[in-house]
Amino acid sequence: MSHDRREAGFKRRTRVADALATLLDAAEPHGRTESLPTADADGRVVAEPIDAPAPVPSYDRAAMDGYAVRAEDTFGASDRSPAVLRAAGTEAESVAPGEAARVHTGSAVPEGADAVVMIEQVEEVGEEVEAFDAVATGENVGEAGEDVADGQRLFDAGHVLRPSDLGLLKSVGLDAVPVYDPPTVAVIPTGEELVQSDPDPGEVIETNGLTVSRLVERWGGEARYRDVVTDDEEALAASVEADLDADVVVTTGGSSVGERDLIPEVVDGLGEVLVHGVALKPGHPVCLGVADGTPVVSLPGYPVACIVNAAQFLRPLQKRVGGTTADPFPTRRAVLDRKVPSEPGTRTFARVALSEREGDEGGDGANDGDGGAANLPAATPTRASGSGILSSVALADGWVVVPEPREGLDAGEVVDVELWEVTP
């Protein structure tokens, strides 16, 4: 990092959307794949399109307990004038005109039958069956392929598999699925003041590396949580260089423009700094770069700033190199109970805790004429400032994003709270 850069500081900051676009443009999916047993593929990313090799069900099946019949044999049947049919043999494979065969929900409909009379509408009399209800062709019958058609596209590449997806894959006979390998992310905490426990005056317990490595795993990656590296340029460069075989390298701390902030200079020496300084609060000193083809995300050392930037930059980058895209965080509507200040031109992430308001009955108020504010929870800022206050995130339920054009949000405004820890 040049002397001029240190003197200039962050007078010009890149907008969040532009910084993210620049970072993602410099990254590519790693492309490594494996065939994984379907039962073990929850949360993995599909590597190639998957089509159904067989229909589900593979046969016409009874949708009710009852009797399989030819629909035309029941025309005109009623309580007073039932259709009288011959009972076919047990487990009959076919039904002739004027016959009825006992079936159970899910069992195959015998050949020749095209409808099922519900058991409640049937009475057995010796070797005959009286049907008190006229059924139409196809009534109470699930056709072959009703659930899944033969050759139907099930999932495109990039889809993140869920438990219900695994059930669907198994139902069509797929015991293995092609998936991308989880992306590897090296997490390197930096700072000569960091210790793992029992800090002396002037020392700080290392938390950023632990937090980020667990976020990496929650987001579907494999984290390499490294030992703390001191503020020495050669040691930092050696540490980053040793992990350039990872898909992403993340450092925490040392990303600003002070004398001990050496990471941007290290990244410059190993490759290229793409962005240094983003119009984001908390955490504008983030540094984004590439070293020998490996994306490097240098997160600020203050814990809140570190977490905010990890969610905004590391998560979408990790998803991209892992073969998919990051879905938006789920949100919950709420009413701010205090003003949230913000600097115009900067995207601000205000940590908030949610609580029930008087008169809140748990509804989302979507159909209320006043926008539903009376039925929404309260969003209370846990702290308006202080990017080093880790408890302001740990004790929050989410954050409210103040967009760049706004100069804060007023108390009483209805806002969307991003529940950033709910979803991978």
Side-chain angles (χ1 to χ4, degrees), residues 17 19-54 56 147-149 151-187 211-225 243-250 288 290 293-297 299 307 309-331 418-424:
L20 179 58
T22 298
L23 178 64
L24 296 184
D25 283 346
E28 295 292 339
H30 60 57
R32 301 186 305 274
T33 65
E34 63 176 322
S35 180
L36 198 66
T38 298
D40 299 331
D42 183 31
R44 298 294 292 270
V45 178
V46 174
E48 60 187 59
I50 300 176
D51 298 332
V56 178
D147 192 348
V148 179
Q152 178 181 330
R153 173 61 50 85
L154 300 180
F155 305 111
D156 289 317
H159 176 77
V160 180
L161 291 168
R162 305 161 299 179
S164 58
D165 299 332
L166 306 188
L168 179 60
L169 291 169
K170 186 175 181 181
S171 76
V172 298
L174 291 174
D175 296 325
V177 58
V179 295
Y180 285 110
D181 291 349
T184 56
V185 180
V187 181
T211 301
V212 172
S213 65
R214 297 304 175 260
L215 287 173
V216 165
E217 292 169 355
R218 174 170 290 196
W219 295 333
E222 292 182 351
R224 304 175 183 172
Y225 179 20
D243 268 315
L244 290 181
D245 62 324
D247 297 309
V248 177
V249 173
V250 180
L288 310 174
V290 176
T294 301
V296 180
V297 178
L299 301 171
I307 291 170
N309 278 282
Q312 300 309 307
F313 298 108
L314 174 58
R315 177 174 176 261
L317 173 63
Q318 180 181 315
K319 295 291 186 179
R320 175 165 174 73
V321 299
T324 187
T325 57
D327 290 330
F329 292 116
T331 61
E418 289 192 353
L419 309 175
W420 69 278
E421 283 193 304
V422 170
T423 180

Report task. Apply side chain to side chain contact (heavy atoms under 4.5 Å, CB included) to F313 and L299, showing your working. Result -> CA-CA 9 Å; F313 298 108; L299 301 171; 5.8 Å; no

Requested in this report: Quick one: do F155 and L168 satisfy side chain to side chain contact (heavy atoms under 4.5 Å, CB included)? Show the steps, please.
Outcome: CA-CA 10 Å; F155 305 111; L168 179 60; 4.0 Å; yes

Report task. Decide yes or no on side chain to side chain contact (heavy atoms under 4.5 Å, CB included) for T324 and H159, but give the supporting numbers first. Result -> CA-CA 7 Å; T324 187; H159 176 77; over 6 Å; no

Query - side chain to side chain contact (heavy atoms under 4.5 Å, CB included) evaluation trace for L317 with V248 - result: CA-CA 8 Å; L317 173 63; V248 177; 3.8 Å; yes

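R218 contributes a side-chain N or O that, together with a main-chain N or O of E421, makes up a donor-acceptor pair within less than 3.5 Å. With T184 contributing its side chain and D247 its backbone, the two residues share a donor-acceptor pair below 3.5 Å. A distance-only check finds a donor-acceptor pair linking the side chain of Q318 to the backbone of W219 [under 3.5 Å]. The backbone N or O of D181 lies less than 3.5 Å from a partner atom in the side chain of H30, making a donor-acceptor pair. When atom types are taken as modelled, the side chain of R44 and the backbone of Y180 share a donor-acceptor pair closer than 3.5 angstrom. Between the side chain of K319 and the backbone N or O of G220, no donor-acceptor pair lies under 3.5 Å. Listed for the R315 side chain is no donor-acceptor partner under 3.5 Å among the backbone atoms of A326.
Residues satisfying the side-chain hydrogen bond (donor to acceptor under 3.5 Å, both in side chains) test with D175, not counting sequence neighbours, are none. Remark: A223 pairs with S213, V216, E217 by the side-chain contact (heavy atoms from CB on, under 4.5 Å) rule, at least two apart or across chains.
One finds the CG atom of L154 at 10.5 Å from the CG atom of L161 (value rounded to the nearest 0.5 Å).
More than 12 non-hydrogen atoms from other residues, nucleotides or ligands lie less than 6.0 angstrom from CZ of R214.
In this structure, A176 and T38 approach most closely via the heavy-atom pair N-OG1, 3.2 Å. Shown here for L174 and D51, the closest heavy-atom pair between the two residues is CD1-O, 4.4 Å. The shortest non-hydrogen separation linking P182 to R32 is O-NH2, 3.8 Å. Across all non-hydrogen atoms, the minimal contact from A149 to A52 is O-CB, 3.7 Å. Of all heavy-atom pairs between G323 and V45, the closest is O-CG1, 3.8 Å. V290 and A26 get closest at one heavy-atom pair: CG2-CB, 3.8 Å.
Annotation: side chain of L314 is not in contact with side chain of L215 (no heavy-atom distance under 4.5 Å).
Tested against D42, the residues D165, L166, V160, L36 include a single side chain to side chain contact (heavy atoms under 4.5 Å, CB included) partner, L166. Applying side chain to side chain contact (heavy atoms under 4.5 Å, CB included) to R224 and the options V250, D245, V187, V249 leaves one that passes, D245.
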